[in-house]
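Note that the structure is predicted; figures quoted are calculated from it, not measured.
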Amino acid sequence: MGDIKRQKMDTGNPLEGLTPRAVSAKQVDGVMEGTNNPFNGQEFTSQYKSILQGRKQLPVFNQMQEFYDIFNKNQMMVMIGETGSGKTTQIPQYVAYSDFAHTKGKMIACTQPRRVAAMSVAKRVADEMDVSLGEQVGYSIRFEDLTTPGTTFLKYMTDGMLLREAMNDNTLSRYSTIILDEAHERTLATDILMGLLKEIVPRRPDLKLVVMSATLDALKFQNYFNNAPLLKVPGRTFPVETYYTEEPETDYVESAIRTVLMIHQAEDPGDILVFLTGSEEIEDACRKIKLEGDELERNYKGAVGPLLVVPLYSSLPPQQQTRIFNDAPEPRQPGGAPGRKVVVSTNIAETSLTIDGIVYVVDPGFSKQKVYNPRIRVESLLPTPISKASAQQRAGRAGRTRPGKCFRLYTENDFVSQLQEQTYPEILRCNLANTVLELKKLGINDLVHFDYMDPPAPETVMRALELLNYLGAFDDEGNLTPLGAIMAEFPLDPQLAKMLIVSPEFKCSNEILSLAAMLSVPNVFLRPESQRKEADDAKAQFTHPDGDHLTLLNVFHAFKANNGDGNWAWNNYLSHRALISADNVRLQLKRTMERFNLDLISTAFEDKHYYTNIRKAVVCGYFMQAAHREGAKGNTYLTIKDQQVVSLHPSTGLDTSPEFVVYNEFALTTKNFLRTVSAVKPEWLLSLGGEYFNLRTFQDGPLKRALMHAAEKRAGKKDDKKKRGGK
DNA sequence: GAGCACTGC
């Protein structure tokens, strides 16, 4: 027996002799340094060996034994690792060497808040483990599953994707260990996963949970996970010196511009990153910095170098986004002052995008954040002071390649006493309709007593329950209905899902599929400042007089009729990127429709009810987002029930001011606007809006009178039909 | 008569 075993060890699997979840760092190091890859049986390549030496330089490597001491003995643990610690790439591999998931038909999942991160980290780890991406190591994100069932045992995925999987596998039985990475970002999906896993863990003694975070807020995570043990790993970044202003600044954009110019004149070479809140502000600041920089260069010939000023925000076309990686300009003449790159960015540069070579950060201390007002059911974006954690993250961007400096455009006293410690988690700042539906589908029955790390406002949960009840997703006892169960399967807001599911009844599911896709992607209409007239003219060709929903559908149909051509889109002032994305979303939704045997049908385009049917299906999802014109004519409306005074957004193609409209979005900017609106008949609201349009619940007034009038007309028509039918 | 922080399914 002993001989056979020894023989196996020599020629067979290098993991032979290691006990799952009882391994030591020394054993694992031995396997890593061996000649054969235990996961695919092949000989390690020379590339593997050289990467391995780099891995051993990461701070986390020195703590591998410490990690195993905790991981092997505990079901849950918390890990704090700052930037550069190597936790995201290394910890999942350490788990793989302990779990032996590949021998048990299980997987290790590591979640990320963003798709690009899931993809790029998976690629890196596949290289480190000397396997092909998509085989032993893979990733799973929306629209792309690069894993091989039965072979993949380490899977990087978006947090939203794991949540989706949980809906059809309530104990996440496919996984041996789940690693929630970047938990400090507190995305909605990560928060729900944390609550869910806390419930699953007692029912799955074989499942381990590792929660990884970058902040020092470890205690909160530990407390939440029943005092789970903590492993702390240092980061590896360069020191950043922080400066504050003496006095508070009144105009932070102006102050940011002055700071950039000051750095350019007085500081050593190195690129600058400036954080502002939105695209308009950024474009404006870029112009001003460029102008003043050019002037400085003229006035101090040779002493001040040229500036390259680059804007960065997510709606910027990808080609322009890549300009942030261009090198700083060369000196104008040999021996002249060196040039400098200035990137003026939204929060996208805080977490999502890393720019090497940044040495100076200018931080005015604001970002746009989502806020939800459950009283009027409106989500809006407001420029808000950032948190200390966020300010630290911004400062850290200056120290990635060498020591840097961060200029905060607020006082030290404000930093200490005014900024909150952490940014409020998303779950406290947004509409929860979608989340509440997901939770029910996940089998959470008591939504109020669910163990949230930070419980949302009860009023926000109530609003969500109310909406889902009116839509028919929940019955009056708050239980998920069969309709609700299907709605939850669509990656859409409940209103869109409802509209899509009922669309076959209106013989327009092909069209509603396209519309739902168009409503799920960023705005397709481009309107460059210098070509507004041309852009508006281009849009006018698609405009349908009965509403913007139909206009969107016309755009999609035209896009498809032109074979998805990019030039066509460009010439018509449409975002090709958004249209491609809509096409992609449509395909995914179509597959979900097919999965539930929902018919894909259209009537002939010549059918006079073609567009009416579509608007009726829209009403089925959006009857709670309806408004009634105030007075006989004009642009002022009152939302139904909430009685908010609103105007149709100037971008609407509706110019007839119909008495009733439904809207896709309530935008709170310079004024209350309804964006993407369609004219509807009050009869439709009454017949398709269910209990929400129970007239007894309406206050007396012009709206109720108009609805009652419509109800009588409807009753009359019904009588007519009965009479005709009766004979 | 005007605006689009950022993600995710």
Student: With heavy atoms under 4.0 Å as the rule, sort A:Leu381 into base, sugar-phosphate or nothing.
Tutor: base
Student: To the nearest Å, give me how far apart CG (A:Leu193) and C1' (B:dG8) are.
Tutor: 11 Å
Student: With nearest nucleotides of DNA chain B determined for A:Ala667 and A:Thr652 from heavy-atom distances, which residue corresponds to the more 5′ nucleotide?
Tutor: A:Thr652
Student: Can you tell me how far P of B:dG3 sits from CG of A:Leu316, to the nearest Å?
Tutor: 20 Å
Student: Give a yes or no on whether a salt bridge exists between A:Glu185 and A:Arg114, defined as a side-chain N under 4.0 angstrom from a carboxylate O.
Tutor: yes
Student: May I ask you to say what A:Arg186 touches in the nucleic acid, namely base, sugar-phosphate or nothing, with a heavy-atom cut-off under 4.0 Å?
Tutor: nothing
Student: Starting the side chain at C-beta, find the nucleotide from B:dC9, B:dG3, B:dT7 nearest to A:Arg114.
Tutor: B:dT7
Student: Taking the side chain of A:Thr669 as heavy atoms from C-beta outward, which of B:dC4, B:dA2, B:dT7 is closest to it?
Tutor: B:dC4
Student: Can you tell me the distance, in whole Å, between the CD atom of A:Glu182 and the C1' atom of B:dT7?
Tutor: 13 Å
Student: Would you say A:Glu534 has more than 12 foreign heavy atoms packed within less than 6.0 Å of its CD?
Tutor: yes
Student: At under 4.0 Å, does any side-chain N or O of A:Thr158 touch on OP1 or OP2 of B:dG8?
Tutor: no
Student: Which part of the nucleic acid, if any, lies within reach of A:Lys671 when heavy atoms closer than 4.0 Å are counted: base, sugar-phosphate only, or nothing?
Tutor: nothing
Student: Between the base of B:dC4 and the side chain of A:Ser279, is there a donor and acceptor pair under 3.5 angstrom?
Tutor: yes
Student: Distance check: side-chain N/O of A:Thr187 vs OP1/OP2 of B:dG8, anything under 4.0 Å?
Tutor: no
Student: It should be established whether A:Thr670 places a side-chain nitrogen or oxygen under 4.0 Å from OP1 or OP2 of nucleotide B:dG3.
Tutor: yes
Student: List the residues meeting ring pair (Phe, Tyr, Trp, His ring centres under 6.0 Å) with A:Phe490, not counting sequence neighbours, and say none if there are none.
Tutor: none
Student: In this structure, how many angstroms lie between the P atom of B:dC6 and the CD atom of A:Glu350, rounded?
Tutor: 12 Å
Student: Closest to the A:His649 side chain: B:dG8, B:dG3, B:dC6?
Tutor: B:dG3
Student: Are OP1 or OP2 of B:dG1 and a side-chain N or O of A:Ser651 less than 4.0 angstrom apart?
Tutor: no
Student: Using a heavy-atom cut-off of under 4.0 Å over every strand shown, decide if A:Leu382 touches base, sugar-phosphate, or nothing.
Tutor: nothing
Student: Just jot down the salt bridge (charged side-chain N to carboxylate O under 4.0 Å, His left out) partners of A:Arg394, sequence neighbours excluded, or say none.
Tutor: A:Glu350, A:Asp363
Student: Taking NZ, NE, NH1 and NH2 as the nitrogens, is one of them in A:Lys590 or A:Glu594 under 4.0 Å from a carboxylate oxygen of the other?
Tutor: yes
Student: Hey, are the side chains of A:Thr639 and A:Tyr663 touching, using non-hydrogen atoms and a 4.5 Å cut-off?
Tutor: yes
Student: Select base, sugar-phosphate, or nothing to describe what A:Asp536 touches, counting heavy atoms under 4.0 Å on all strands.
Tutor: base
Student: Please give, in whole Å, the distance from B:dG3 C1' to A:Phe666 CZ?
Tutor: 16 Å
Student: Under 4.0 Å between a side-chain N/O of A:Arg115 and OP1 or OP2 of B:dC9, yes or no?
Tutor: yes
Student: Check the distance between B:dA2's P and A:Asp655's CG and give it to me in whole angstrom.
Tutor: 17 Å
Student: Can you find an N or O donor on one side and an acceptor on the other, under 3.5 Å apart, linking the side chain of A:Arg527 with the base of B:dG1?
Tutor: no
Student: Can you work out whether A:Glu280 or A:Ser352 has the more 5'-proximal nearest nucleotide on DNA chain B?
Tutor: A:Glu280
Student: What do you reckon, is OH of A:Tyr424 surrounded by more than 12 foreign heavy atoms closer than 6.0 Å?
Tutor: no
Student: Touch check for A:Thr351, heavy atoms < 4.0 angstrom, all strands: base, sugar-phosphate only, or nothing?
Tutor: nothing
Student: Please tell me if A:Arg675 has a side-chain N or O lying less than 4.0 Å from either OP1 or OP2 of B:dC4.
Tutor: yes
Student: Whole angstroms only, please: what is the CD-C1' distance between A:Glu426 and B:dA5?
Tutor: 12 Å
Student: Does A:Phe673 reach a base, just sugar-phosphate, or nothing at all? Heavy atoms under 4.0 Å.
Tutor: sugar-phosphate
Student: Just compare B:dG8, B:dG3, B:dC4 and give me whichever is closest to any side-chain atom of A:Lys368.
Tutor: B:dC4
Student: What is the distance from CG of A:Asn168 to P of B:dC9, rounded to the nearest Å?
Tutor: 16 Å
